[in-house]
Protein chains: 2
Amino acid sequence: MLQLKDLPTPDVLAKFAIRYPDADVTAVSSVLQLLRVATDLSIALDACLSKHGLLQGRWWVLILLMREENKTSQPSILAEKAGVTRATMTGLLDGLEQSGLIARVFAKEDRRTVLINLTDAGVEKLDSVMPDYYRRIRRCMQGLDEEKRQQLQQILALINLGIPALI
Amino acid sequence: MLQLKDLPTPDVLAKFAIRYPDADVTAVSSVLQLLRVATDLSIALDACLSKHGLLQGRWWVLILLMREENKTSQPSILAEKAGVTRATMTGLLDGLEQSGLIARVFAKEDRRTVLINLTDAGVEKLDSVMPDYYRRIRRCMQGLDEEKRQQLQQILALINLGIPALI
DNA sequence: TCATTATAGTTAGCTAGCTAACTAAGTCAA
DNA sequence: TTGACTTAGTTAGCTAGCTAACTATAATGA
């Protein structure tokens with residue numbers, strides 16, 4: 001997402017701001033730091049998942065299924081919730097089916113649709129990964145009290161409001 | 001980075017917290033929101049760059065070169081600063097060279113190394129993209145005053161401290 | 001009722017990352 | 001001074017995303 005390691009120093013930003021007067025130095029450095037920390041967080045979480053033989057895409061599919069009352073959903077719905085295309089979801093489900101974590105069942109009422117079912121093995125996988133995952137997130141956020149967490153959420157909501165203006 | 005669109009509601013998190021007592025609900029939701037906003041931000045910036053025929057990887061190479069006094073560097077140094085492998089940098093430089101934005105020049109003192117030079121066309125490209133890019137970031141962050149920006153940076157620094165505990 | 005349109009899922013081929021293995025060139029120590 | 005190691009860059013082959021095009025089925029409306 002933001003691979004860049006060598007974030008601009010205030011010095012470098014100031015130089016660029018001379019050449020490009022539109023630059024808002026604190027805005028740029030805030031955005032870059034946000035992307036930097038989020039990327040590192042994401043990489044660290046991926047590393048955690050990969051210890052359990054998973055990757056983010058497949059992982060979220062399992063969680064989305066776990067949220068359902070009957071542990072069942074459809075590829076197109078999963079794709080939308082997971083934020084990937086249906087084509088990508090087909091690939092993710094292929095992998096999960098091969099590992100036995102989900103099962104494809106053909107629906108009777110609409111023969112176009114496939115029902116995706118979280119298998120017992122899938123539940124077991126989640127039960128082994130989730131505690132580890134949650135424990136790591138708890139540790140990572142230990143340094144922030146509830147007040148700071150709330151501040152963060154407010155600030156992120158503000159940035160989120162600004163994103164449409166960016167497009 | 002975080003494709004997931006359907007972030008867990010407090011309700012869903014509470015249910016998961018019953019099954020997995022290690023869950024720290026506010027920590028999880030803060031982390032997910034952080035990843036969500038950062039991902040949307042990153043996608044929006046990518047869209048801005050692609051309007052100018054660029055992608056993040058190549059873009060950062062141009063900026064890294066622009067930071068240098070003589071607009072020159074080496075693939076391995078660029079790779080390290082950009083946070084990609086040397087193999088990936090080879091590919092990025094191939095593309096930039098084809099577009100005429102950089103030039104490869106062989107060094108005399110160490111015949112293993114190649115010097116990468118930002119061409120005039122490269123400078124022109126930056127001069128056309130940077131103002132647009134900076135203007136967008138300014139607009140996106142308009143809703144945050146300096147105090148909030150500083151708060152954000154402090155909070156991000158705290159999270160950053162927690163990342164090693166996550167691995 | 002049957003032609004059109006919409007929907008569900010898949011396939012094929014593209015991309016930018018990655019790792020691992022390679023060549024070529026420089027360094028260093030026995 | 002030569003054999004082992006290190007460094008710079010590239011190549012080949014992998015991955016998980018993507019888009020576009022496809023098949024099959026369902027819904028709709030003239």
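Note on naming: letters A, B, ... go to the chains in the order of the sequence lines (proteins, then strands), and numbering restarts at 1 for each one.
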- Query: Leu55(A) has an atom CG; how far is it from atom P of dT19(C), in whole Å?
  - Reply: 14 Å

- Query: What's the CD1-P distance between Ile43(A) and dA16(D), to the nearest Å?
  - Reply: 17 Å

- Taking the side chain of Arg58(B) as its heavy atoms from C-beta onward, which of dA16(C), dC18(C), dT15(D) lies nearest to it? dA16(C)

- Note on the structure: Of Lys108(A) and Gln56(A), the one whose closest nucleotide on DNA chain D sits nearer the 5' end is Gln56(A)

- Message: Mind checking if Arg86(A) touches a base, just sugar-phosphate, or nothing, with heavy atoms under 4.0 Å?
- Response: base

- Nucleotide of dG17(C), dG26(C), dC18(D) approaching Arg111(B) most closely (side-chain heavy atoms): dG26(C)

- Note on the structure: Residue pair Met89(A)/Gln3(A) against DNA chain C: nearer the 5' end by closest nucleotide is Met89(A)

- Query: Roughly, in whole Å, what's the span from CZ in Arg112(A) to C1' in dA8(C)?
  - Reply: 6 Å

- Message: Base, sugar-phosphate or nothing for Ser76(B)? Non-hydrogen atoms, less than 4.0 Å.
- Response: sugar-phosphate

- Item | Expected output: side-chain Arg138(A) to main-chain Asp22(B) donor-acceptor under 3.5 Å | yes

- Item | Interatomic distance, Leu4(A) CG vs dG17(C) P [rounded to whole Å] | 12 Å

- Message: Is there a side-chain contact between Thr88(A) and the phosphate of dC18(D), meaning an N or O under 4.0 Å from OP1 or OP2?
- Response: yes

- Message: If you count heavy atoms of other groups shown closer than 6.0 angstrom to CD of Gln3(A), is the number above 12?
- Response: yes

- In whole Å, what is the span from the CE atom of Met1(B) to the C1' atom of dA16(D)? 16 Å

- Mind calculating the distance between CG (Asp94(A)) and P (dA12(C)) to the nearest angstrom? 12 Å

- Verify the contact: side-chain N or O of Thr90(A) to OP1 or OP2 of dG9(C), cut-off strictly under 4.0 Å; return yes or no. no

- Query: Reckon Thr113(B) touches a base, only the sugar-phosphate, or nothing at all at heavy-atom distances under 4.0 Å?
  - Reply: sugar-phosphate

- Item | Distance, rounded to the nearest Å, where Trp60(A) contributes CH2 and dA16(D) contributes P | 18 Å

- Donor-acceptor contact present, side-chain Thr90(B) to main-chain Thr88(B), <3.5 Å: no

- Residue Ala87(A), side-chain heavy atoms: nucleotide from dA12(C), dG9(D), dT15(C) that is nearest: dA12(C)

- Task: Would you mind telling me which of dT11(D), dA26(D), dC18(C) lies closest to the side-chain atoms of Asp110(A)?
- Result: dA26(D)

- Message: Hydrogens and angles aside, do Ser30(A) and Gln153(B) bring a side-chain donor and acceptor to less than 3.5 Å of each other?
- Response: yes

- Donor on one side chain, acceptor on other, Ser76(A) and Arg86(A), under 3.5 Å: no

- What integer distance in Å separates Arg104(A):CZ from dA8(C):P? 16 Å

